[in-house]
Amino acid sequence: MDFKSIESKWQKIWEEAKIFEAEPSDKLKFFITIPYPYLNGNLHVGHMRTFTIGDSFARFMRMKGYNVLFPMGFHVTGTPIIGLAELIEKRDPRTLEVYTKYHDVPLEDLLKLTTPERIVDYFSKEALKAMKGVGYSIDWRRVFTTTDPEYKKFIEWQFWNLKNKGLIVKGSHPVRYCPNDQNPVEDHDLLMGEEATIVEYTVIKFKLEEDDLVFPCATLRPETIYGVTNIWIKPAKYVIAKVDGERWFLSREAFEKLSHIKKVELLEEVDAKDFLGKLVVVPIVNRKVPIFLADFVDLDNATGVVMSVPAHAPFDFAALKNLGLKIEPIVIIKTDIDGIPAEAAIKEVGGEINFETLEKATKYLYKKEFHVGKMAENTDYAGMKVSEVKQIIHDRLIKEGYGDIFYEFSEKPVVCRCGTKCLVKVVKDQWFINYSNFEWKKKVLDYLEEMKIIPDYYLEEFRNKVEWLKDKACARRKGLGTKLPWDKEWLIESLSDSTIYMVYYILAKFINEGKLKAENMVKEFFDYVILGIGDLDEVSKVSKLSKELIEQIRKEFLYWYPVDLRSSGKDLVANHLLFFLFHHVAIFPKELWPKAIAVNGYVSLEGQKMSKSKGPLLTIKKALSTYGADVSRLYILLAAEYDSDADWRSKDLENLASSLKRFYSLFLENLKKEEEITMLDRWLISKFNRIVKETNEAMEKLQTRRAVNLAFFEVMNLVKHYIKRGGKNLSLILDDWIKLLTPFIPHICEELWHTKHNSFVSLERYPEFDEKKIDLEAEMVEDYVMRLVEDIKEVMKFNPEAKEVYIAFADKWKYKVLEALKDGKLKDLMKDDEELRMKGKEVSDFVKRILKEKVVNVKDEEAIVLENKDFIEAETGLKVLIDPLKVPEEKRKAAIPGRPAIFLK
RNA sequence: GCGGGGGUUGCCGAGCCAGGAAAAGGCGCAGGGCUUAAGACCCUGUCCCGUAGGGGUCCGCGGGUUCAAAUCCCGCCCCCCGCACCA
């Protein structure tokens, strides 16, 4: 058999029969969406995981009787595609290598992709091919690309809507910036320092006693201002610069950095030594403290001027000690530490005074004081928590004119791909989406409690992320996309133009049919169709669309919306999925907010992380050509559950492929008609029915791994057992088994289904649990036989020479006692039954044992053994004889109902 | 640092939310079958002990609750992911 030809055959037939094209009907609808992929490369098996989970669920719901809409589009807005086009144009060797080697793009094709348009065109065709090749049940009439003119109209409408609601604001914020490229730098544009984050230092202005020269000390612990005893500068050259109308004493590096944040003017260069011993005034505290020199001061960190708090900063403590200066540390934070905290911290981590221990001690103390520390009596905030006071003092300093902010990287150096050291720049007059808006957040938080999050522990993650979300810059200077309609200098950033586009799938069908054009898509049109606002006659007039069409679109929108499930990779939790919620909550009435979100994990390759830009990468194209669609689908569903990561291992794929082949031929070999129904057949039906139940339960929770495990492997085990036991009527479950597997391996199932039927199994009803099919008797009998075989085999270990096995069943009285015990009438029985009373001890031992062991309760043990004699003999290689007399008495006595005595000879 | 997830038998990975199996499944390994042979496939075994169906020790570490804990509680150690203006 050739799975690949089966797959393309059914894909073609499905497409021709249009069975996945969804139209409103009187059935219950189910609208499932997966985030459209970003097309700066070919789709890979990571995409395949997310899409396959979605597709299996879409197929499952379809078979459950829902009218399922599963659409797809392509995301191309933003900068990476432009960047890629430039790199290809430049014939960048690394890019050419990655795209030919990992993205499977033939070199001749790749070399042509020198413009964003060609890249979009090329990869969208490839993506379409790949997705169709996996057999996704997508309604392809609704496909679109985010640079379509109609899409831009939609985005413009969305942004006007947000703006009118006051959710778009202007502001400034710090970004990582390359002074050479004069552009913000993204992670993948970095040579070094990807880990670095932007840290906000508080700058505290200490003024020189004799004039107004400012010593701006940068600190992460503004609350320690009460403990300042001196300030430190490095014995080196500094500069004096004009900053905000003041004269600041700064390192040369700090001056450079500051020049990107605010207007600064270099006044003169000075030598630190000239300031040694001069006095400065500590703001708020109004204490005069001296300036000292210290080598540990880093000119390239923040301002290059630091304040000294020996009681709470191990470096300061050690430096003062080293200088032999008699300066008394001032303790201003209380924890459980006695004495001087900095000193204690140094002791705690090892005592040696060197850079490493001081670093460790600093970290230790910072952590401790931040979490459990309280401000001491000699401060303005006695008794308050350090964690709270920190912010209060920071704000107070700025408010009173003694403070400022300085941004710095947490790790250094941070180097751009061009080789230049990056710095932090504050971008001004930027457009933001006002996610920090309290009421907006509140609405989202409240709604989270109502919606379904899969897996459920992600609810907590979402709550936290909503709290944490700050305003987001939503516009850029560079990239593909839609211009901000009220400020055409700016392009709407790509995470912001992809938040409510699920609406667009409903419009896209009409657009692709040519019924709806960009020129029709005016504000009134969207307002009416999406929000139900406006007058139909008026809307028809300004949009130049017929009233019928407008009404139809409105109706279809209301039929399909809201989104019932958005299923996505976990990388989108802290960004897209949040924005998706925020924008829905802001724009739509509550009944149109999304119902559920599901999150799945990544895929690695033989234990290695995949990377689009560095490799390794396995494209869907390659996976399909190597393993085929159904094998890949089954594998990726099985590889991991929920958000845990899956590891793609070719060895396992191969094994799975042969299992599928076995399944395929097993099916074809067992098509023949049923013979008489036996106890074993009843067992098969009963057990299968249990699996049907569990598979349904698993799918309802989107546990595809569990579902596949049950529907394929567990059933396979049943079938193997059944055949080994001599079962002849496998066809009893085959139809249902095929249906059970259709969401996962639709092509093979469709092929096998058509050996007997003319319908599409993709549209059949999914098997449901049927209580009546549970057959406890048949299950018990099977358990009994297998237990007996197991026991005989166990004993065979000790008597490998045995030729025969003698079986003796438990004495009659034991069955009587068991019955009575079950009915709770054991006491009565013992009273009435003379024989049992005689056996007092024996009876109580027996009762103890059956309470401990699970008793298989079957009716006629002898009949069962006789019926299965052939099987037992075949399994054990022993001759089975029912002859109590040949079984030694002590063994016979040990027999209990359901577990006969056996004796090997 | 903050937040989320996790540490299970050689490996991967269920089970733990609803406490009562040496602990599913797969891989690997060993033995057997099949085959001219290899591969594939099928069967059996895979913590330790045991000449009778049994016993013992196990689920990051250390405590606790319980007749009973991988499963509940407390403390500790370690690992992974996110922290943005970027898709």
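Basis for what follows: all heavy atoms, side chains included, without hydrogens, waters or symmetry-related copies. Letters A, B, ... mirror the listed sequences (proteins, then strands); counts begin at 1.
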Exercise. Does the separation of the ring centres of A/Tyr627 and A/Phe3 fall below 6.0 angstrom?
Worked result: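 That pair fails the under 6.0 Å test.
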Exercise. Any side-chain donor paired with an acceptor under 3.5 Å for A/Asp643 and A/Tyr457?
Worked result: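 A pair is found: one side chain offers a donor N or O, the other an acceptor, under 3.5 Å apart.
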Exercise. How many Å lie between NZ on A/Lys661 and P on B/rC41, as a whole number?
Worked result: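 Distance, rounded to whole Å: 10 Å.
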For this session: Could you give the distance separating B/rC42 and B/rG50 at their C1' atoms, to the nearest angstrom?
Result: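 Nearest-Å result for B/rG50 against B/rC42 at atom C1': 31 Å.
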Problem set entry | Atom-pair distance (OH on A/Tyr457; P on B/rG4), nearest Å | 13 Å
For this session: Scan A/Leu469 against the nucleic acid and name what it touches under 4.0 Å (heavy atoms): base, sugar-phosphate only, or nothing.
Result: base
Problem set entry | Side-chain touch A/Tyr635/A/Arg649, heavy atoms, less than 4.5 angstrom | yes
For this session: In whole angstrom, give the distance that lies between atom NZ of A/Lys793 and atom P of B/rG31.
Result: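 In whole Å, B/rG31 P lies 20 Å from A/Lys793 NZ.
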Exercise. Which base sits across from B/rC17 as a Watson-Crick or G-U pair, both distances under 3.5 Å?
Worked result: none
Exercise. Which whole-number value in Å describes the distance from A/Arg787 CZ to B/rA21 C1'?
Worked result: 11 Å
For this session: Determine the Euclidean distance between corresponding P atoms of B/rA70 and B/rC34; express it in Å to zero decimal places.
Result: 44 Å
Exercise. What is the pairing partner of B/rG50, taking Watson-Crick or G-U wobble pairs with both distances under 3.5 Å in any strand?
Worked result: none
For this session: Check each residue of residues 697-715 of chain A for a non-hydrogen atom within less than 4.0 Å of any atom in RNA chain B, then write out the ones that pass by number, or none.
Result: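 RNA chain B contact set from residues 697-715 of chain A: A/Arg705, A/Asn709, A/Glu714.
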Exercise. Tell me, do A/Trp440 and A/Phe582 make a side-chain contact under 4.5 Å, heavy atoms counted?
Worked result: yes
Problem set entry | Any side-chain heavy-atom pair of A/Tyr602 and A/Met610 under 4.5 Å | no
Problem set entry | B/rA23 and B/rG55, which share atom name P, separated by this distance in whole Å | 13 Å
Problem set entry | Inter-nucleotide C1' distance (B/rG75, B/rA22), Å rounded |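 Their C1' atoms lie roughly 29 Å apart.
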Exercise. Does A/Lys470 place a side-chain N or O at less than 4.0 Å from the phosphate oxygens OP1/OP2 of B/rA84?
Worked result: no
Exercise. Tell me: CD of A/Glu654 to P of B/rC41, nearest whole Å?
Worked result: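 One finds 10 Å between P of B/rC41 and CD of A/Glu654, rounded.
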Problem set entry | Contacts of type side-chain contact (heavy atoms from CB on, under 4.5 Å), residue A/Glu889, not counting sequence neighbours | A/Arg892, A/Lys893
Problem set entry | Name of the residue among A/Thr876, A/Ile807, A/Val805, A/Asp783 meeting side chain to side chain contact (heavy atoms under 4.5 Å, CB included) with A/Leu788 | A/Ile807
Exercise. How do A/Asn717 and A/Ser494 order along RNA chain B: which one's closest nucleotide is nearer the 5' end?
Worked result: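 Its nucleotide being nearer the 5' end, the pick is A/Asn717.
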For this session: Remember a base hit wins even if backbone is also touched, and classify A/Lys570 as base, sugar-phosphate or nothing at under 4.0 Å, heavy atoms.
Result: nothing
Exercise. Can you check whether A/Lys687 reaches A/Glu714 side chain to side chain, under 4.5 Å on heavy atoms?
Worked result: no
For this session: Round to the nearest Å and state the distance from A/Lys724 atom NZ to B/rC42 atom P.
Result: 13 Å
Exercise. So what does A/Ala901 touch, heavy atoms closer than 4.0 Å: a base, only the sugar-phosphate, or nothing?
Worked result: base
Exercise. Can you tell me if A/Glu606 and A/Ser650 form a side-chain donor-acceptor pair at under 3.5 Å?
Worked result: yes
For this session: Quick one: label A/Pro888 by what it contacts on the DNA or RNA (base, sugar-phosphate, nothing), any heavy atom closer than 4.0 Å.
Result: nothing
Problem set entry | Pairwise P distance for B/rG56 and B/rA21, with rounding to whole Å | 15 Å
Exercise. Can you tell me how far C1' of B/rG4 sits from CG of A/Leu459, to the nearest Å?
Worked result: 12 Å
For this session: Assign A/Leu572 to base, sugar-phosphate, or nothing according to its heavy-atom contacts below 4.0 angstrom with the strands shown.
Result: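 It contacts nothing in the nucleic acid.
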Exercise. RNA chain B: A/Asn655 or A/Leu495, which has the more 5' nearest nucleotide?
Worked result: A/Asn655
Exercise. Touch check for A/Ile902, heavy atoms < 4.0 angstrom, all strands: base, sugar-phosphate only, or nothing?
Worked result: base
For this session: Could you give the distance separating B/rC48 and B/rG10 at their P atoms, to the nearest angstrom?
Result: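 Per the computed distance, 10 Å lies between those P atoms.
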Exercise. Paired with B/rC61: which nucleotide, if any, by Watson-Crick or G-U wobble criteria at under 3.5 Å for both distances?
Worked result: B/rG75
Exercise. Hey, does A/Asn464 reach any base, or is it just sugar-phosphate, or nothing, if we go heavy atoms under 4.0 Å?
Worked result: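 Touches sugar-phosphate only.
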Exercise. In terms of side-chain heavy atoms, does A/Glu641 have a donor or acceptor partner in A/Ser644 at a distance below 3.5 Å?
Worked result: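 There is no such pair between these side chains.
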For this session: Sort out the partner of B/rC83 for me: Watson-Crick or G-U wobble, both distances under 3.5 Å, none otherwise.
Result: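 Result: B/rG1.
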Exercise. Would you say the side chain of A/Val426 lies within less than 4.5 Å of the side chain of A/Tyr407, judging by non-hydrogen atoms?
Worked result: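 Sidechains of A/Val426 and A/Tyr407: in contact.
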For this session: Determine the interatomic distance between C1' on B/rG13 and the same-named atom on B/rA68; round to the nearest Å.
Result: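 The same atom, C1', in both gives a distance of 27 Å.
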Exercise. Which nucleotide, in any strand shown, forms a Watson-Crick or G-U wobble pair with B/rC41, with both distances under 3.5 Å?
Worked result: B/rG33
Exercise. Rounded to whole angstroms, how far apart are OH on A/Tyr806 and C1' on B/rG53?
Worked result: 18 Å
Exercise. For B/rC41, does either OP1 or OP2 sit under 4.0 Å from a side-chain N or O belonging to A/Ser658?
Worked result: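 For A/Ser658, the contact criterion (side-chain N or O under 4.0 Å from OP1 or OP2 of B/rC41) is met.
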For this session: Would you jot down, in residue-number order, the residues of residues 631-644 of chain A having a non-hydrogen atom under 4.0 Å from RNA chain B?
Result: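 Listed by number, there are none.
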Exercise. Heavy atoms under 4.0 Å, any strand shown: does A/Lys905 hit a base, just sugar-phosphate, or nothing?
Worked result: nothing
Exercise. For A/Thr77, which contact category applies under a 4.0 Å heavy-atom criterion: base, sugar-phosphate, or nothing?
Worked result: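 Since only primed, P, OP1 and OP2 atoms lie under 4.0 Å of A/Thr77, the category is sugar-phosphate.
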For this session: Please determine, for B/rA24, whether a Watson-Crick or G-U wobble partner exists with both distances under 3.5 Å, and give it or none.
Result: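 Across any shown strand, B/rA24 pairs with none.
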Problem set entry | Any donor-acceptor N or O pair under 3.5 Å, side chains A/Asp497, A/Thr482 |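 The answer is no; no qualifying pair exists.
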